[in-house]
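Report on the structure given below.
Keep in mind that what you see is a predicted model, and the values were worked out from it rather than measured. A note on names: the letters A, B, ... follow the listed sequences, proteins ahead of strands, and every chain is numbered from 1.
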Protein chains: 2
Amino acid sequence: MTKRPYHHGDLRAALLERAERTLRERGSGALSLRELARDLGVSPAAPSRHFKTKQALLDALALTGFERLVEALAAARDRVGPTFAERLAAMAHAYVDFSLANAALLDLMFSAKHSPEASEALGEAAHRWIEQSLELVRTGQERGEVREGPLEHVALTVFAPLHGYVGLAVSGVPLPETGERGLDDVVASIVRGCRPD
Amino acid sequence: MTKRPYHHGDLRAALLERAERTLRERGSGALSLRELARDLGVSPAAPSRHFKTKQALLDALALTGFERLVEALAAARDRVGPTFAERLAAMAHAYVDFSLANAALLDLMFSAKHSPEASEALGEAAHRWIEQSLELVRTGQERGEVREGPLEHVALTVFAPLHGYVGLAVSGVPLPETGERGLDDVVASIVRGCRPD
DNA sequence: ACCTGAACACCGTTCAAGT
DNA sequence: ACCTGAACACCGTTCAAGT
């Protein structure tokens, strides 16, 4: 029954944590700064100390999303062998798993709402995600498992299919053998295309 | 200087048109039923006659989006020859053009917010879009230009890359040779994969 | 059938003031 | 530095009442 102290302790972290939970449980439309403040037992104006605007909170959320995604992808990559095919498959599944488990967060991460200020940190986080994709393809090229060509161009052809699969899955488009089976088709097609033979 | 009549005439259509303009000019965050009503010179409660809820308006907007997209894709397909490569390229460019010109609308169309009721009509519109994709691939298979295999599975490997390219472009991820050049790489890769040779 | 007027329960954000 | 209390200008939605 200790009375709440004046200071929350770490209101910023508490806001982020609670917001992310709301995001996952009830979607981005249900996210309200006032409700967050109520749940954490602070005044409606308290959050503004840590996030000048609601968009700033969303940007911070997206940033943590990119950080966790990069971490998950790296972990998946390091769990398998060094071939391009193995790494691509592992990272593809990790990407889909993360996205389905954090659908609303993924929407935030790839929404065009990046405020020009906060996008500095957010942009860096997104950049690390891109670098990771480039790295996969570069290694594949060095091993002779991926065709030659400008890195960014080739990498785009590798990651667009994954991003598209994730986008379709998250937005509820009915996919064949919902879940992971269709993904394996997509992964195979990235390597060999849709030509006959 | 004729005084506004009691009836608006076609408030429903006017709401949709104005909403779509706001969507394109200022994004989905700036969409407000009250503002729409103000702009159209009706009371704040008037829109609720035609759209029981704001989400219903958004669903209707998404529905028109799918209809226009399907139309644009069909037109692009019919402007070129019958080969799979030609049609794929034409539809890919039409898809990207539509998406960049209607970024916020595309977000709406592929957001997971489909209310279970309105999704009947919306679901049908989305279904026509899927059917169109399947049709492209089926024709390609019949012509021997696309590999054999379950239609839905093969079609997914064709459209995931396009959807992913569009998603990345719309969300502002820096793409090589921003615009259409990277898309041609993606289209080529759909056909032949990223293998060497 | 279609709309108004007024109300209700919310928002995000700001700002003086408190600790 | 961090938060409160109160206020401002908005929201979406509902509902009796008007035409």
**OP:** Please work out if A/R38 contacts a base, only the sugar-phosphate, or nothing of the nucleic acid, heavy-atom cut-off 4.0 Å.
**Re:** sugar-phosphate
Original post:
Crowded around B/E71 CD? As in, over 12 foreign heavy atoms under 6.0 Å?
Top reply: no
Original post:
If you check the B/A45 side chain, which of D/dG12, C/dT4, D/dA7 turns out closest?
Top reply: C/dT4
**OP:** Using whole Å, report how far NZ of B/K52 lies from C1' of D/dT13.
**Re:** 13 Å
**OP:** Go through A/F159 and A/Y95 one step at a time and tell me if the ring-ring contact (aromatic ring centres under 6.0 Å, His included) criterion holds.
**Re:** CA-CA 11 Å; A/F159 269 85; A/Y95 192 27; 7.0 Å; no
Subject >> Nearest-nucleotide pick for B/K54, side chain only, options being D/dT14, D/dG12, C/dT13 >> reply: D/dG12
**OP:** Determine which nucleotide pairs with C/dA9, using a 3.5 Å limit on both distances of a Watson-Crick or G-U wobble pair.
**Re:** none
Original post:
Rounded to the nearest Å, what distance is computed from the CG atom of residue B/L57 to the P atom of nucleotide D/dC11?
Top reply: 14 Å
Original post:
B/L33 has a side chain; which of C/dT13, D/dT13, C/dT4 sits nearest to it?
Top reply: D/dT13
Subject >> Selected nucleotide, minimal atom distance to B/R49 side chain, candidates C/dC2, C/dT13, C/dT4 >> reply: C/dC2
Subject >> Length of the CZ-P vector between B/F51 and C/dC3, whole Å >> reply: 12 Å
Original post:
Using 4.0 Å as the upper bound for N to carboxylate O, is an ion pair formed by B/E35 and B/R26?
Top reply: yes
**OP:** Figure out the CG/C1' separation between B/L15 and C/dC2, and round it to whole Å.
**Re:** 13 Å
Original post:
Under a 3.5 Å cut-off for both distances, is C/dC3 Watson-Crick or wobble paired, and to whom?
Top reply: none
Original post:
Given D/dG12, is OP1 or OP2 found less than 4.0 Å from the side-chain N or O atoms of B/S48?
Top reply: no
**OP:** Decide whether B/Y165 and A/H163 meet the rule of one side-chain donor and one side-chain acceptor closer than 3.5 Å.
**Re:** no
Original post:
Once you round it to whole Å, what is the distance between P of D/dC8 and CZ of A/R34?
Top reply: 14 Å
Subject >> Spacing of A/H50 atom NE2 relative to D/dC2 atom C1', expressed in whole Å >> reply: 7 Å
Subject >> d(CG, A/D10; C1', D/dC3) in whole Å >> reply: 15 Å
Subject >> Distance-only polar pair, side chains of A/E86 and A/T83, donor-acceptor under 3.5 Å >> reply: yes
Subject >> Rounded interatomic separation in angstrom, taking CD from B/E35 and C1' from D/dA9 >> reply: 13 Å
Subject >> Partner nucleotide of C/dA17 by Watson-Crick or wobble geometry (both distances under 3.5 Å) >> reply: none
Original post:
Which listed nucleotide (D/dC11, C/dT4, D/dT13) is nearest to the side chain of B/S32?
Top reply: D/dC11
